[in-house]
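Here the structure is laid out as structure tokens; the discussion comes afterwards.
In what follows, chains carry the letters A, B, and so on, assigned in the order in which the sequence lines appear, proteins first and then strands, with residues in each chain numbered from 1.
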Amino acid sequence: MSNENYTPHFDENEMKMVQYHISKYPKPMAAVMPVLWMIQDKYGWISVDSMRYVGELLNLPPDHVLGVATFYTMYFKKPMGKFHLQVCTNVSCMLCGGYKIFDHICNKFGIKNKEITSDGMFSIEEVECLGSCGTAPMLQVNNREFYENLTTESVDALLSKLSNS
Amino acid sequence: MEKIILRDIPDLDNIDVYVANGGYSSLKKVIAEMTPDQVIDEVKKSGLRGRGGACFSTGMKWSFMPKGNEKPKFLCCNGDESEPGSFKDREIFEKNPHQFIEGALIAAYAMGIGAVYTYIRGEYWKWFNIMEKSVADAYKKGFIGKNLFGSNFSVEMYNHMGAGAYICGEETSLMNSLEGKRGYPRVKPPFPAVSGMWGNPTTINNIETLANVPAIINKGGEWFSKIGDPRQPGTLLFGVSGDVNKPGVYELPTGIPLMELINDHCGGVKDGKEIKMVIPGGSSMPPLTREECLIAKMDNESLKEVGSMIGTAGVIVMAEGTDVVDVIRRVTKFYYHESCGQCTPCREGCGWMLKVLNRIMDGSGRKSDLDLLISVAENIEGNTICALGDAAAWPVKHAVRKFRKDFEAKIKDDTPLPVLNKVHGLRESDEYDTITFQSEQEVVEGLIGTVQELSQNEDVKRFSS
């Protein structure tokens, strides 16, 4: 499971990265999205404290950072499972059995949409089209790797591989 | 036929392979031999149209940018690609990223732009990293940077990662997102070419549009204008998905018959079934019936003749046996989820349409619901700041009209009408007769009685006199 509670802090190298992001744009405000990504990559989710921290770094009011963080669905505003499974159920995936995959995982773990398993290993989310329509059905893990052309068997294999890693 | 973007060369994503195959020669050519106006004229001559859905002439769009350097100018490359059914830009990032980068740099030269931003959707983490590497490689080889090839043209290029918002594919919303704000679309005018990012002139182009540009410069606008349908020349990256045997991205000339695309290139419909419905250009576009599919050609003008549009060329094929109502419900759920919430018609309307479609799916739909859906959709369409409102309304409106029988089959005749819907109850349905007028009359009489009673009251008399 991602860190339940944390004190947001960037070390020297990470601060250089923040400076790099700021340097890409004419105004520091534009760096808010990449810096929020840095927070999420480091701690797993974005807490209100870290929104304040990002605000201080970029000289922005914390409410602006809150506004941005809440607008975009890929920023997690609460801790997620160690492996966050994002199953696409949009039209192309739905036609190829996206809901079957989604229901299969839900039943396997006994959890519902946006819930976490009790051991904190897995969480599941029904997401919108991830641009993998030609290789449907698919799921994404932790906003990163795509797993495509899924069947219930390949999902089972993937889940056991993840839980053993 | 020869492919322009997804060329059959292995490892084309490697910059050395790309350069060995004539890569970045168009960029050298425009900087050494052509003036910016000549570049714009060449692109105008090619007839290249935007590949993001609006199909606006690219050369024309570029010519709207002000000349001179009083203000910094920006180019934004739209790789947000979130339209359900569309997965073509991902193919470009993966197979031929440098052709897109070269196209973006040529565009920057043509408009005198100093900074290029590529907005890539947050879900494309893998492809974002490919782009980061490709841009870094291009910097190393001296194709991006200060005083390119010894000229006085300098350009910087950056990638920006989104974070999961469909609306950021809308150009003004994309600009807000890039500025580090919530991705709300802006009211136009002012158009981006006048006041875009940070109040400066900005042009937004789709990834696929820009990837076509190097070939146009190399082989000439006239060559390009002869490919495919003359009204929208060139090739399109068709992303075919759903019930076909070989789904995937196919680069084919515009104007190709839809059935040829499905049968000859995608191996036909799964299990040899008949077609039920096809969405020709991503989920926002009006769907086609089987009869329309037989005559449809895949370019914007031809599709308009059968009442749809090319959009992002994301073709979703649905075979006989597909539940049209369920598909439309899922599409509406998507728009309900992705509406940014700025304009009331879209924010509320999408929710209303979803509620109605949900109850039709549950078996508690009412006869009047179909008219209600069309009415809600028509009240969203055209009444919002951006085109997402239209995008949400079109599939519902057209599907109800074209597949009315499928919707009606889900509605039982004896479904009770729990609430009196005065406006829509009156429309061509007999439900209004079954509503007891008596009760309404009783209510009115009761009210009159109360007023009469009150008027006798001493206190009321005192105040009213």
Side-chain angles (χ1 to χ4, degrees), chain A residues 20-37 40-41 46 54 58 60 64-76 86 88-96 98-99 125-136 138 140-146 149, chain B residues 72 74 81-91 115 117 121-127 156 158-166 168 177-184 197-198 200 239-243 246-249 279 283 314 316-319 322 326-327 330-331 333-334 337-338 340:
Chain A
Y20 163 69
H21 286 311
I22 293 173
S23 74
K24 289 198 295 191
Y25 308 97
K27 300 232 169 101
M29 184 195 273
V32 64
M33 283 179 72
V35 175
L36 281 172
W37 272 121
Q40 179 151 314
D41 286 346
I46 295 167
V54 172
L58 303 175
L60 294 172
H64 179 86
V65 185
L66 175 79
V68 172
T70 49
F71 187 84
Y72 300 94
T73 49
M74 288 179 79
Y75 294 132
F76 302 142
Q86 294 145 307
C88 173
T89 59
N90 212 303
V91 181
S92 299
C93 280
M94 174 180 137
L95 293 169
C96 300
Y99 274 106
E125 188 181 0
E126 180 185 356
V127 294
E128 300 297 347
C129 186
L130 296 183
S132 196
C133 316
T135 42
M138 62 83 63
Q140 189 180 21
V141 178
N142 290 344
N143 290 336
R144 296 262 160 112
E145 288 297 332
F146 279 23
N149 289 320
Chain B
F74 297 104
E81 185 165 73
S82 309
E83 179 87 3
S86 150
F87 49 109
K88 63 188 174 66
D89 294 346
R90 166 187 154 173
E91 208 74 5
Y117 292 97
R121 67 181 299 195
E123 290 88 343
Y124 280 6
W125 172 79
K126 185 177 155 194
W127 295 274
E156 302 290 336
Y158 307 104
N159 296 314
H160 183 93
M161 197 168 169
Y166 168 74
C168 291
S177 180
L178 229 152
E179 287 180 20
K181 298 171 185 162
R182 289 166 76 88
Y184 287 140
M197 288 201 290
W198 300 285
N200 298 314
V240 188
S241 62
D243 295 331
K246 286 193 289 178
V249 177
I279 298 175
S283 68
I316 309 177
V317 180
M318 280 155 263
T322 308
D326 202 18
V327 168
R330 188 64 190 83
V331 170
K333 186 169 172 243
F334 170 76
H337 182 260
E338 297 296 345
C340 78

_To the closest 0.5 Å, what do you measure between CD (Glu179(B)) and CE (Met33(A))?_
12.5 Å
*Segment of Glu338(B) engaging chain A (4.5 angstrom heavy-atom cut-off)*: side chain
_Interchain contact, Thr322(B) with chain A, by part (heavy-atom threshold 4.5 Å)_ = side chain
*Give, for atom SG of Cys133(A) and atom NZ of Lys88(B), the distance between the pair rounded to the nearest 0.5 Å.*
12.0 Å
*Within-4.5 Å side-chain heavy-atom neighbours: Glu123(B) and Val127(A)*: no
*Of all heavy-atom pairs between Thr73(A) and His337(B), which one has the smallest distance, and what is that distance?*
CG2-CE1, 4.1 Å
*When heavy-atom pairs shorter than 4.5 Å are enumerated against chain A, which of Gly183(B), Gly242(B), Ala319(B), Gly314(B) gives the highest number?*
Gly183(B)
*Which heavy-atom pair separates Tyr25(A) from Leu178(B) by the least distance, and what is that distance?*
CE2-CD2, 3.6 Å
*Considering non-hydrogen atoms only, spot the tightest contact between Tyr72(A) and Ala163(B) and give its length.*
CB-O, 3.3 Å
*Please examine the side chains of Tyr166(B) and Glu128(A), heavy atoms only from C-beta on, and report whether any two atoms are closer than 4.5 Å.*
no
*Below 4.5 Å from any heavy atom of chain A, which atoms of Asp326(B) appear? Answer side chain, backbone, both or neither.*
both
*asked:* As an exercise, state the distance from OH of Tyr184(B) to CZ of Phe71(A), rounded to the nearest 0.5 Å.
replied: 6.0 Å
*Mind checking the NE2-OH spacing from His21(A) to Tyr158(B)? Nearest 0.5 Å is all I need.*
12.5 Å
*With only heavy atoms counted, which part of Cys340(B) is less than 4.5 Å from chain A, the side chain, the backbone, both or neither?*
both
_Closest approach of Ala30(A) to His160(B) (non-hydrogen atoms, all atoms of both residues)_ = O-CE1, 3.9 Å
*Residue among Cys168(B), Gly162(B), Gly248(B) with most heavy-atom pairs under 4.5 Å to chain A*: Gly162(B)
*asked:* Less than 4.5 Å to any heavy atom of chain A: does that hold for the side chain of Val240(B), its backbone, both, or neither?
replied: backbone
_Among Val91(A), Thr89(A), Thr135(A), Val68(A), which residue has the highest count of heavy-atom pairs closer than 4.5 Å to chain B?_
Thr89(A)
*Taking the side chain as every heavy atom from C-beta outward, state whether Lys333(B) and Glu126(A) have any pair of such atoms under 4.5 Å apart.*
yes
*Side chain to side chain, Phe146(A) and Lys126(B), heavy atoms closer than 4.5 Å*: no
*Keeping the roles fixed (side chain from Arg90(B), backbone from Gly131(A)), state whether a donor-acceptor pair exists under 3.5 Å.*
yes
*Might you point out which heavy atoms bring Val317(B) and Leu95(A) nearest each other, and give the distance in Å?*
O-CD1, 3.8 Å
*Search all heavy atoms of Pro247(B) against all heavy atoms of Gly134(A) and return the closest pair with its distance.*
CG-O, 3.3 Å
*Engaged part of Phe334(B) at the chain A interface, taking heavy atoms whose separation is under 4.5 Å*: both
*Tell me, side chain or backbone of Met29(A) under 4.5 Å from chain B's heavy atoms, or both, or neither?*
both
*Return the option, out of Asn143(A), Leu130(A), Val32(A), with the maximum number of heavy-atom pairs under 4.5 Å with chain B.*
Leu130(A)
*Most heavy-atom pairs under 4.5 angstrom with chain B, which of Cys93(A), Pro26(A), Ser92(A)?*
Pro26(A)
